[in-house]
Amino acid sequence: MIDETTASLDFGNQALVLTEVASLSGDGLTVMLSTHDPDHALAIGTQVVLPHEGPVRAAGARRRH
């Protein structure tokens, strides 16, 4: 579980961290990432869970448009 690992980073370092997390996931590891930035989830997530005031509001595979 990774919790807000990019919260205090500039954009360049956020991109580096997200690239590394995506690489680990691509190597077969399961990664759970908690973020307040939906762009991060959309960039590297394969499954997304959106909680809202406690219960899960939506969950499923990420869709690309």
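Note that the structure is predicted; figures quoted are calculated from it, not measured.
- The two residues Thr35 and Ala41 make their nearest non-hydrogen contact at CG2-N, 4.4 Å.
- Atom CD of Glu20 and atom CD1 of Ile2 lie 9.5 Å apart (nearest 0.5 Å).
- Partners of His52 according to the side chain to side chain donor-acceptor pair (under 3.5 Å) rule, which considers only residues two or more places apart in sequence or in another chain, do not exist here.
- Taking a 4.5 Å side-chain heavy-atom cut-off between Ile, Leu, Val, Met, Phe, Trp and Tyr, the cluster of Met32 extends to Met1.
- Contacts of Ser34 classified as side chain to side chain donor-acceptor pair (under 3.5 Å), with partners at least two apart in sequence or in another chain: Asp3.
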Under 3.5 Å, which donor-acceptor pairs link side chains of residues 23-31 to any protein atom two or more places apart or in another chain?
none

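- For the pair Ala22 and Ile44, the tightest heavy-atom approach, listed with the atom from each and the gap, is CB-CG2, 3.9 Å.
- In terms of the side chain to side chain contact (heavy atoms under 4.5 Å, CB included) criterion, residue partners of Ala58 (sequence neighbours excluded) are, by chain and number, Leu50.
- Residues that satisfy the side chain to side chain donor-acceptor pair (under 3.5 Å) test with Gln47, not counting sequence neighbours, are absent from this structure.
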Using a 3.5 Å cut-off and no angle test, enumerate the donor-acceptor pairs between side-chain atoms of residues 11-19 and protein atoms at least two apart in sequence or in another chain.
unit_1, atom_1, unit_2, atom_2, d
Asn13, ND2, Asp10, OD1, 3.2
Gln14, OE1, His40, NE2, 3.2
Gln14, NE2, Leu9, O, 2.9
Thr19, OG1, Ala15, O, 2.8

